[in-house]
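Single-structure report; data block below.
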Amino acid sequence: MKRLAITLCLMAAALLSSQSYARDVTLTTELKNYGGDGAYLAIYLTNAQGQYQKTLWVAGKKSKYYKHLSGWARGSGQRKSEYDGLSGASVTEGKTLTVTLDLPDTYIDAGFQLHVDTAVEDMRDNRNDVVVPFTSEGVDKPNNGRGYIKTFTYSF
């Protein structure tokens with residue numbers, strides 16, 4: 001009986017150590033005052049080769065405009081299963097979008113990159129408005145956008 005208990009404990013320890021852990025990751029996107037309507041944003045992950053991996057958040061309710069978030073749209077195929085439950089209202093100029101997600105640690109320090117695509121009605125679309133390596137080193141460091149994004153940060 002004692003041998004069985006020890007074997008079960010060792011198996012449980014091995015199982016727990018092989019599982020990846022997850023943590024809360026907060027993504028904060030502050031928009032510039034750009035003088036237009038609310039912005040649509042797609043926040044997503046790519047692997048080290050730049051291939052789409054996972055949608056983290058989509059801001060903007062009308063899916064007919066998602067095609068303007070071109071990097072994300074191409075990678076995700078705009079499949080509803082890719083953004084179902086991961087969407088909210090568009091973000092108006094000068095405002096901040098803060099999203100907290102539970103992400104596996106396997107994405108951190110493993111060559112993955114965070115991307116944010118942006119689009120505003122009757123204005124320019126910005127594929128890769130922000131692209132940053134998803135590393136422990138980049139936590140809480142502000143990243144400037146190339147379009148409508150003033151700054152983007154992430155923290156755990």
Side-chain angles (χ1 to χ4, degrees), residues 4-32 38-63 65-92 95-119 125-156:
L4 177 61
I6 291 171
T7 302
L8 289 173
C9 285
L10 288 173
M11 287 174 58
L15 179 64
L16 289 174
S17 67
S18 69
Q19 290 180 339
S20 65
Y21 292 96
R23 66 177 83 190
D24 282 344
V25 176
T26 300
L27 309 170
T28 305
T29 309
E30 181 184 356
L31 297 185
K32 297 175 182 175
Y40 275 58
L41 289 84
I43 305 172
Y44 59 100
L45 279 168
T46 61
N47 64 14
Q49 292 75 40
Q51 298 165 325
Y52 170 86
Q53 296 297 298
K54 180 177 181 63
T55 299
L56 302 178
W57 192 258
V58 179
K61 291 282 190 182
K62 295 181 182 175
S63 61
Y65 296 119
Y66 290 173
K67 64 185 175 193
H68 296 284
L69 303 167
S70 61
W72 171 79
R74 185 176 349 197
S76 70
Q78 293 181 264
R79 292 179 303 277
K80 188 172 175 88
S81 61
E82 288 292 313
Y83 60 85
D84 194 28
L86 300 172
S87 61
S90 60
V91 185
T92 55
K95 299 296 181 187
T96 300
L97 170 68
T98 302
V99 178
T100 301
L101 309 159
D102 191 39
L103 289 176
D105 286 349
T106 54
Y107 290 127
I108 302 166
D109 296 322
F112 288 87
Q113 293 184 318
L114 292 163
H115 290 250
V116 185
D117 292 357
T118 58
D125 301 342
N126 295 291
R127 180 176 181 223
N128 295 327
D129 197 329
V130 170
V131 179
V132 296
F134 193 31
T135 63
S136 299
E137 211 172 82
V139 170
D140 292 324
K141 291 185 180 172
N143 300 277
N144 295 325
R146 300 178 324 137
Y148 306 115
I149 296 174
K150 182 176 180 180
T151 58
F152 174 81
T153 57
Y154 61 90
S155 59
F156 347 115

Compile the donor-acceptor pairs under 3.5 Å between side chains in residues 140-150 and protein atoms, sequence neighbours left out, one pair per line.
residue: Lys141; atom: NZ; partner: Glu137; partner atom: O; Å: 3.1
residue: Asn143; atom: ND2; partner: Lys141; partner atom: O; Å: 3.0
residue: Asn143; atom: ND2; partner: Phe152; partner atom: O; Å: 3.1
residue: Arg146; atom: NE; partner: Asn128; partner atom: O; Å: 3.0
residue: Arg146; atom: NH2; partner: Arg127; partner atom: O; Å: 2.9
residue: Arg146; atom: NH2; partner: Asn128; partner atom: O; Å: 3.4
residue: Tyr148; atom: OH; partner: Arg124; partner atom: N; Å: 3.0
residue: Tyr148; atom: OH; partner: Arg124; partner atom: O; Å: 2.4

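Every residue meeting the side chain to side chain contact (heavy atoms under 4.5 Å, CB included) condition with Thr26, not counting sequence neighbours, appears here in chain and number order: Thr28, Thr98, Thr100, Ser155. Gln113 meets the side chain to side chain donor-acceptor pair (under 3.5 Å) test with no other residue; sequence neighbours excluded. Remark: Ser81 pairs with Arg79 by the side chain to side chain contact (heavy atoms under 4.5 Å, CB included) rule, at least two apart or across chains. Listed by chain and number, the residues in a side chain to side chain contact (heavy atoms under 4.5 Å, CB included) with Asp84 are Lys80 (sequence neighbours excluded). Every residue two or more places apart in sequence or in another chain that forms a side chain to side chain contact (heavy atoms under 4.5 Å, CB included) with Tyr65 is listed here: Tyr40, Lys62, His68. Partners of Thr92 under the side chain to side chain donor-acceptor pair (under 3.5 Å) rule, at least two apart in sequence or in another chain, do not exist in this structure.
Note: Leu86 CG to Leu101 CG = 7.0 Å, rounded to the nearest 0.5 Å. The CG atom of Leu31 lies 8.0 Å from the OG1 atom of Thr118; values are rounded to the nearest 0.5 Å. Between the CG atom in Asp117 and the CG atom in Asp125 there is a gap of 9.0 Å [rounded to 0.5 Å]. Rounding to the nearest 0.5 Å places CD1 of Ile43 at 12.5 Å from NE2 of His115. With rounding to the nearest 0.5 angstrom, the CG atom of Leu114 is 10.5 Å from the OH atom of Tyr44.
When every heavy atom of Gly60 is checked against every heavy atom of Tyr66, the shortest pair comes out as O-OH, 2.5 Å. Across Ser90 and Ala39, no two heavy atoms sit closer than the pair CB-O, 3.1 Å. For the pair Ala59 and Ala89, the tightest heavy-atom approach, listed with the atom from each and the gap, is CB-O, 3.4 Å. Smallest separation of non-hydrogen atoms from Leu103 and Leu56: CD2-CD2, 3.7 Å. In terms of heavy atoms, Arg23 sits closest to Phe156 at NH1-CD1, 3.2 Å.
Listed by first and then second residue, the side-chain hydrogen bond (donor to acceptor under 3.5 Å, both in side chains) pairs that reach into residues 51-61 are Asn47-Gln51, Tyr52-Thr55, Tyr52-Glu82, Thr55-Trp72, sequence neighbours excluded. The stretch residues 65-77 participates, sequence neighbours left out, in no salt bridge (Lys or Arg N to Asp or Glu O under 4.0 Å) pair at all. Screening residues 43-53 for salt bridge (Lys or Arg N to Asp or Glu O under 4.0 Å) gives no qualifying pairs among residues at least two apart or on separate chains.
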From CA spacing to verdict: side-chain contact (heavy atoms from CB on, under 4.5 Å), Tyr107, Val25: CA-CA 11 Å; Tyr107 290 127; Val25 176; over 6 Å; no
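In this structure the side chain of Leu41 reaches within 4.5 angstrom of the side chain of Thr29, judged on heavy atoms.
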